[in-house]
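Residues take their numbers from the sequence shown, with the count starting at 1.
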Amino acid sequence: MKKTIITGFLLTLIMSLCLTGCKNTPNPPEILEAFFAKGVTQEDWFSDAKKKKITTLDLNDPDIQLVFHIRENDKRLRQIYISPYSDFSIYSRWTGLDFNNETNEFWSSYLKPCFDTMDAFYREQYIMNNDTIYMKAFDEDGNASAVYKITGITAHE
């Protein structure tokens, strides 16, 4: 009887170890820093992107850039969302991203929100005074980063 109980316990232990060892642990992207800027180029942006940071957004300006520093250990960042609402009920997004990075942590500044070409109803949602724009990043498997807050934003048409 004891032998059967011990054998059953060992089999249960082995199965549980096998099942937990086979689970893929989600490894979502991590947004380390993000802000809006204007006039950042690939040649100079490492040195002075923060000098070109803006907190007042003219929604008719097509040259506003989203600058972000992100960690994606699997190097498979595919989507970025921004929203004037923390629940992302209305959002702007970039999909199909493929940075092909050799490192798992990098900066980027080439995404433009294009508020000027957005439908008028959605653009109105971004009008704010010293408020927050929320940002999320997604990897290839749909794992989402924590919500990052870009604070102190004033946006007008």
Which atom of [X] lies closest to which atom of [Y], heavy atoms considered:
X: Phe138; Y: Leu77; answer: O-CD1, 3.6 Å
X: Ile64; Y: Asp58; answer: CD1-O, 3.4 Å
X: Ala49; Y: Phe35; answer: O-CE1, 3.6 Å
X: Ser92; Y: Met118; answer: OG-CE, 3.0 Å
X: Ala144; Y: Pro29; answer: C-CD, 4.4 Å
X: Trp107; Y: Lys50; answer: CH2-CE, 4.2 Å

Using the rule that Ile, Leu, Val, Met, Phe, Trp and Tyr join whenever any side-chain heavy atoms are under 4.5 Å apart, tell me whether [X] and [Y] fall into a single cluster.
X: Met128; Y: Ile82; result: yes
X: Phe88; Y: Leu66; result: no
X: Trp94; Y: Tyr81; result: no
X: Leu97; Y: Leu32; result: no
X: Tyr85; Y: Tyr126; result: yes

Within the side chain of [X], is there an N or O that forms a donor-acceptor pair under 3.5 Å with the backbone of [Y]?
X: Ser83; Y: Ile90; result: yes
X: Glu157; Y: Asn60; result: no
X: Asp141; Y: Asn143; result: no
X: Lys52; Y: Ala37; result: no
X: Thr154; Y: Asn130; result: yes

Mind checking the [atom1]-[atom2] spacing from [X] to [Y]? Nearest 0.5 Å is all I need.
X: Tyr122; Y: Phe115; atom1: OH; atom2: CZ; result: 15.0 Å
X: Cys114; Y: Asp61; atom1: SG; atom2: CG; result: 10.5 Å
X: Thr56; Y: Lys38; atom1: OG1; atom2: NZ; result: 11.5 Å
X: Gln79; Y: Glu140; atom1: CD; atom2: CD; result: 11.0 Å
X: Ile70; Y: Glu33; atom1: CD1; atom2: CD; result: 12.5 Å
X: Asp119; Y: Gln125; atom1: CG; atom2: CD; result: 10.0 Å

- Item | Student check: side-chain heavy atoms of Thr132 and Thr151 closer than 4.5 Å |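 Yes, at least one pair of side-chain atoms sits under 4.5 Å.
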- Side-chain heavy-atom pair His69, Phe106 within 4.5 angstrom cut-off: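 His69 does not reach Phe106 side chain to side chain.
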- Message: Applying side-chain contact (heavy atoms from CB on, under 4.5 Å) to Lys53 and Phe36, what does each step give before you reach the verdict?
- Response: CA-CA 6 Å; Lys53 178 179 176 178; Phe36 293 99; over 6 Å; no
- Would you mind telling me which of Lys136, Met135, Arg93 makes a side chain to side chain contact (heavy atoms under 4.5 Å, CB included) with Ile80?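 Answer after filtering Lys136, Met135, Arg93: Met135.
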